[in-house]
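The next block holds one structure in the form of structure tokens; read it before the comments.
A quick note: this is a predicted structure, and the numbers were derived from the prediction, not measured. So you know, we letter chains A, B, ... as the sequences are listed, proteins then strands, and number each from 1.
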Protein chains: 2
Amino acid sequence: MAQGARPRIGERREQILDVALKLFAEHGIQQVTTRRIAQAVGISQPSLYAHFRTSDEIAIELCCRGFTRLHDRLTHASAEAGTPEERLRRLGEEYVRFGLDHPAVYRVAFMVDQPTGRIPEPSPVLAAGLRAFGVLLALFQEVRDAHDETTAALAQSTWASMHGLVALLLVRHEFPWVGRERLIALHLGRLCAHAFEDA
Amino acid sequence: MAQGARPRIGERREQILDVALKLFAEHGIQQVTTRRIAQAVGISQPSLYAHFRTSDEIAIELCCRGFTRLHDRLTHASAEAGTPEERLRRLGEEYVRFGLDHPAVYRVAFMVDQPTGRIPEPSPVLAAGLRAFGVLLALFQEVRDAHDETTAALAQSTWASMHGLVALLLVRHEFPWVGRERLIALHLGRLCAHAFEDA
DNA sequence: TCCGTCACCCTATCACTGATAGCCTATCAG
DNA sequence: CTGATAGGCTATCAGTGATAGGGTGACGGA
């Protein structure tokens, strides 16, 4: 089967992740089977299991990487100069764009149930998610100059509002939304207007 | 096989929906197979197909009913006396409670991808969802005395914020949330504070 | 040069899934 | 009694994730 020019160590693994992400984005996560991934990569289906213990592991890996990419984008957005509202606004923009630009990653990261209690305890997904959320939390802590529960609650509430918009736009694409750009602008505008005020 | 005392017409269908919903809530949608449903009902697996054309139809039916129940609860909450903010607050409370109290229904209704373009066009799910959303929209139109795009955008934005909280609480249950009640109260408080103001 | 190890791949096969085909049985209107 | 209808059954299908067990080429030490 033309065995020449074998991929280097670990190269196949990256290739599988790339291909899987593309298939997820194109056909939806549920529709992508291990056989489809294997065929697209050019190897047999059982060969996938030399690189991942289960098929879920592929999605989990993509999920962690997605969180990391989101973390980097949020960090960058939050670090720019400006008033706290402006920084939060940029962070929100970045968040929403990320979700809409990478729907497959976003779905895996935020909209797929964790296999309840399967993964031991130190879930890498949770850790990656916490890192990304940490950027938002840090902004709130900095602006409010407090690390209390209320500050955490404000950050979590803000996160939820951003997520809600992305999630609904991704899942309910048949819904008669007002113009997407307009809705995003209005949503973020309201979100940032009184974001740091105590409840 | 103890064939006596057959269920009446349509009774089995209801029973299947009841059982399926319970199994969805208990084990998660993905883990529930047609064989498990059939076994719980006490019939053979192929017999399900006498009542539903595909297994998805069970979820779709539950989804529509969920939207209808939500619609009724929102209507009731929105109809009570009070200031617009109070009415919106009650509506939001009802929404969040509904999602958290009926996670299986909520998941099916809001967090499962529509089989892209499979169902002809007049999607019953979309229709049921629009009816439920209509309650929120009507409140905004009444308060603002306008049926323009901005009003629709405000309602959609508010809906998204409520959904975001419910969705994240349901899916990311391993996340270190601040106290749930506190988070809900804070989230709804911020949501309703300036809800009707133009952007 | 030989040999073990390693990374990687294969075919064959498993149990399980949603779904279909074809046939049986209870009920009821005429 | 009879045909129609609702509801059920077993047998079986193709497709799914996963495992078992064995093959192949590159490479480093003896």
Could you check how far CD of B/Gln30 sits from P of D/dT16, rounded to whole Å?
16 Å
Does the B/Trp177 side chain pair with the main chain of B/Arg172, one donor and one acceptor, at a distance under 3.5 Å?
yes
Looking at residues 34-43 of chain B, who's got a heavy atom less than 4.0 Å off DNA chain D?
B/Ile43
Taking side-chain hydrogen bond (donor to acceptor under 3.5 Å, both in side chains) as the test, write out the residues that go with B/Glu80, two or more places apart.
B/Arg90
With A/His163 via ring pair (Phe, Tyr, Trp, His ring centres under 6.0 Å) - residues at least two apart:
A/Tyr106, A/Phe110
Taking ring pair (Phe, Tyr, Trp, His ring centres under 6.0 Å) as the test, write out the residues that go with B/Phe196, two or more places apart.
B/Phe140
Nearest-Å distance for atom pair CD/P, residues B/Gln45 and D/dC9:
11 Å
Apply ring pair (Phe, Tyr, Trp, His ring centres under 6.0 Å) to B/Phe98 and list each qualifying residue two or more places apart in sequence or on a separate chain.
B/His102
Set of side-chain contact (heavy atoms from CB on, under 4.5 Å) partners for A/Arg89, sequence neighbours left out
A/Glu93, A/Ala185, A/Leu188, A/Cys192
Kindly write out the residues that satisfy side-chain contact (heavy atoms from CB on, under 4.5 Å) with A/Asp148, not counting sequence neighbours, or none if the list is empty.
A/Arg144, A/Ala146, A/Thr150, A/Thr151
Hey, can you pull the residues of residues 47-55 of chain B with a non-hydrogen atom under 4.0 angstrom from DNA chain C?
B/Tyr49, B/Thr54, B/Ser55
A/Arg65: side-chain contact (heavy atoms from CB on, under 4.5 Å) partners, not counting sequence neighbours:
A/Glu14, A/Leu17, A/Glu61
Sugar-phosphate, base or nothing in reach of A/Thr33, heavy atoms under 4.0 Å
sugar-phosphate
Please report, rounded to the nearest Å, how far the C1' atom of D/dG15 is from the CD atom of A/Gln31.
13 Å
Going by purine N1 to pyrimidine N3 plus the second Watson-Crick contact, or the G-U wobble pair, all under 3.5 Å, which nucleotide sits opposite C/dT27?
D/dA4
side-chain contact (heavy atoms from CB on, under 4.5 Å) involving B/His27 - partner list, sequence neighbours excluded:
B/Leu23, B/Gln31, B/Val32, B/Arg36
Tabulated below should be each protein N or O lying under 3.5 Å from an N or O of nucleotides 4-6 of chain C; please produce it.
none

Residues passing the side-chain hydrogen bond (donor to acceptor under 3.5 Å, both in side chains) test with B/Ser44, sequence neighbours excluded, are B/Ser47
Rounded interatomic separation in angstrom, taking CG from B/Leu23 and P from C/dT17:
13 Å
Distance-only, no hydrogens or angles: does the B/Gln156 side chain make a donor-acceptor pair with backbone N or O of A/Val178 under 3.5 Å?
yes
Choose from C/dT11, D/dT16, C/dA19 the nucleotide whose nearest atom is closest to any side-chain atom of B/Pro46.
C/dA19
